[in-house]
2 protein chains.
Amino acid sequence: MTTEAGGSENLLFLTDEQLRKGIEAMFFAYRGFTADPDRILEGMDYGRAHHRALHFIHRSPGTTVNNLLSILGVTKQSLNRVLRTLIEDGLVESKVGRADKRERHLHLAPKGAELERRLSDAQRARMRAAYRAAGPAAVQGFRQVLEAMMDAEARRHYQSLKETNT
Amino acid sequence: MTTEAGGSENLLFLTDEQLRKGIEAMFFAYRGFTADPDRILEGMDYGRAHHRALHFIHRSPGTTVNNLLSILGVTKQSLNRVLRTLIEDGLVESKVGRADKRERHLHLAPKGAELERRLSDAQRARMRAAYRAAGPAAVQGFRQVLEAMMDAEARRHYQSLKETNT
DNA sequence: CTTGGAAAGTCAACAAGGCTGACATAAAAT
DNA sequence: ATTTTATGTCAGCCTTGTTGACTTTCCAAG
């Protein structure tokens, strides 16, 4: 109980209003976050679910379907629908595992890598602009709060994605 | 061009890897952000869309349908489906405008206020925990980056929502 | 070697919540 | 008097999530 009603700046900002404002920030920002890729995808036969699959296959080449399922947090039926079209259309390659032939290892084919790059470029451009506008200290705080907001399992996945330069 | 390739800590962190990590943080954190209210709503006849409507009606009592549409960024048909059930079930009251009788002004009825509070309590609890874990400085950065990530119109809406104590 | 169970895939059906288009009504504005 | 605005509603479609049932493949333990 070191920080109960003492009102160090540790607690002062935790009013309901402040928390609601944070909630609204998440809501509005997430819309912006998805807006650019969504615009690119509309008209194509793909949607946000395809984008997510491409993103994580790009990030973890050779990942298995099961691993991808657990990262994305959807059912295999839901992912399969998305993955099937990506494979059929030649954006993703599915290779039978060498050690365990039940597993499928997923890689981006050139077409998939190209679409992923287009989507990612757009999304990173917005993220870069936001980072620049807010500054380096803000970015650190941004990441800290988001990480603390994740469920434990999501945080595990998040942390295990490599980052070359923190 | 004061900060081009100079590598002050202004730009060093803007590698693609860092930006991707930010993108992933948004993805995983948003899942956590919606998880608790979603759990409360499952089994009820309501979903995330109902939650959003309740939230913003609570925040702006007496708001019109058109204003709510513009905040939520959906079509009137989509909102109407949600709003109709909330009104029929007695969670939301729709009052014909006094000045302009075409408008409907929306308020939470007691039942609606109670559900909104349950949902908000859960969501605020997670936000509070994340804020506490990350600390006050991080919170400021979090909000700055999110605000910079919004589309201009969303930012307008965001900023016009009152906050008693920044 | 057989068998249990994990990994993957598929089919069917359904729900939430987006969307468009068309149309109706009331009231305000011109 | 006419047009525009705010709202509501019907019908139909799409994406992306869900459950449940079932099959095939194949590793690994008995």
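Computed over heavy atoms, backbone and side chain alike; hydrogens, waters and symmetry mates excluded. Order of the sequence lines sets the chain letters (A, B, ...), proteins ahead of strands, with each chain counted from 1. This is a predicted model, so every value here is computed, not measured.
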Checklist outcome for this item: The complete set of ring pair (Phe, Tyr, Trp, His ring centres under 6.0 Å) pairs with one or both residues in residues 140-160 of chain A, sequence neighbours excluded, reads A:Y131-A:F142
Checklist entry - Which ring pair (Phe, Tyr, Trp, His ring centres under 6.0 Å) pairs, counting each pair once, include a residue from residues 56-101 of chain A, with sequence neighbours left out? => result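 Of all non-adjacent pairs touching residues 56-101 of chain A, those that pass ring pair (Phe, Tyr, Trp, His ring centres under 6.0 Å) are A:F56-B:F27, A:F56-B:F28.
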Next on the checklist: Protein within reach of the bases, or only the backbone? For nucleotides 1-8 of chain D, mark each nucleotide 5' to 3' as B, S or -, using heavy atoms under 4.0 Å.
Outcome noted: ----BSBB
Checklist entry - Between A:R124 and B:E24, is there a salt bridge with N-O shorter than 4.0 Å? => result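 Between A:R124 and B:E24 there is no salt bridge, as every charged N stays at least 4.0 Å from the carboxylate O atoms.
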Is the phosphate of [N] approached by [X] (side-chain N or O, under 4.0 Å from OP1 or OP2)?
X     : N      : value
A:R52 : D:dG17 : yes
A:T75 : D:dT18 : yes
A:H50 : D:dT15 : no

Item to check | side-chain contact (heavy atoms from CB on, under 4.5 Å), paired with B:E116, selected from B:R59, B:K111, B:H55 | outcome: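 With B:E116 as partner, B:R59, B:K111, B:H55 yield a single side-chain contact (heavy atoms from CB on, under 4.5 Å), made by B:H55.
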Checklist entry - What distance separates B:M26 CE from A:R143 CZ, expressed to the nearest 0.5 Å? => result 13.0 Å
Item to check | Point-to-point distance, once rounded to the nearest 0.5 Å, from CE of B:M127 to OG of B:S120 | outcome: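 Between B:M127 CE and B:S120 OG, I get 10.0 Å after rounding to 0.5 Å.
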Next on the checklist: Under a plain distance cut-off of 3.5 Å, with no hydrogens placed, do A:T64 and A:R104 share a side-chain donor-acceptor pair?
Outcome noted: no
Checklist entry - Taking side chain as C-beta onward, heavy atoms only, is A:Q123 less than 4.5 Å from B:R20? => result no
Checklist outcome for this item: Ordered by number, residues from residues 37-48 of chain A within less than 4.0 Å of DNA chain D (heavy atoms) are A:G47, A:R48
Next on the checklist: Does atom CD (B:E93) have a neighbourhood of more than 12 heavy atoms from anything else shown, all under 6.0 Å?
Outcome noted: yes
Checklist entry - At under 4.0 Å between heavy atoms, what does B:A99 touch on the DNA or RNA strands: base, sugar-phosphate, or nothing? => result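 Touches sugar-phosphate only.
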Checklist entry - Can you list every pair that meets side-chain hydrogen bond (donor to acceptor under 3.5 Å, both in side chains) and has a residue in residues 36-50 of chain A, with sequence neighbours left out? => result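 Output for this query lists A:T34-A:R48, A:D36-A:R39, A:D36-A:R126, A:D38-A:R48, A:Y46-A:D89, A:H50-A:T85.
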Next on the checklist: With hydrogens left out and only the distance checked, is there a donor-acceptor pair under 3.5 Å joining A:R81's side chain and the base of D:dG17?
Outcome noted: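 Result: at least one qualifying N/O pair found.
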Next on the checklist: In this structure, would B:I57 and B:M44 fall into the same cluster of hydrophobic residues linked by side-chain contacts under 4.5 Å?
Outcome noted: yes
Next on the checklist: Please report the distance, rounded to the nearest Å, between NE2 in B:H51 and P in C:dG17.
Outcome noted: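 Rounding to the nearest Å, NE2 of B:H51 and P of C:dG17 are 12 Å apart.
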Checklist entry - Taking five pairs at each end of the helix from C:dC1-D:dG30 to C:dT30-D:dA1, what angle separates the two helix axes (nearest 10°)? => result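 One end's axis against the other's: 20°.
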Checklist entry - Where each residue is assigned the nucleotide of DNA chain C containing its nearest heavy atom, which of B:S78 and B:R98 is assigned the position nearer the 5′ end? => result B:S78
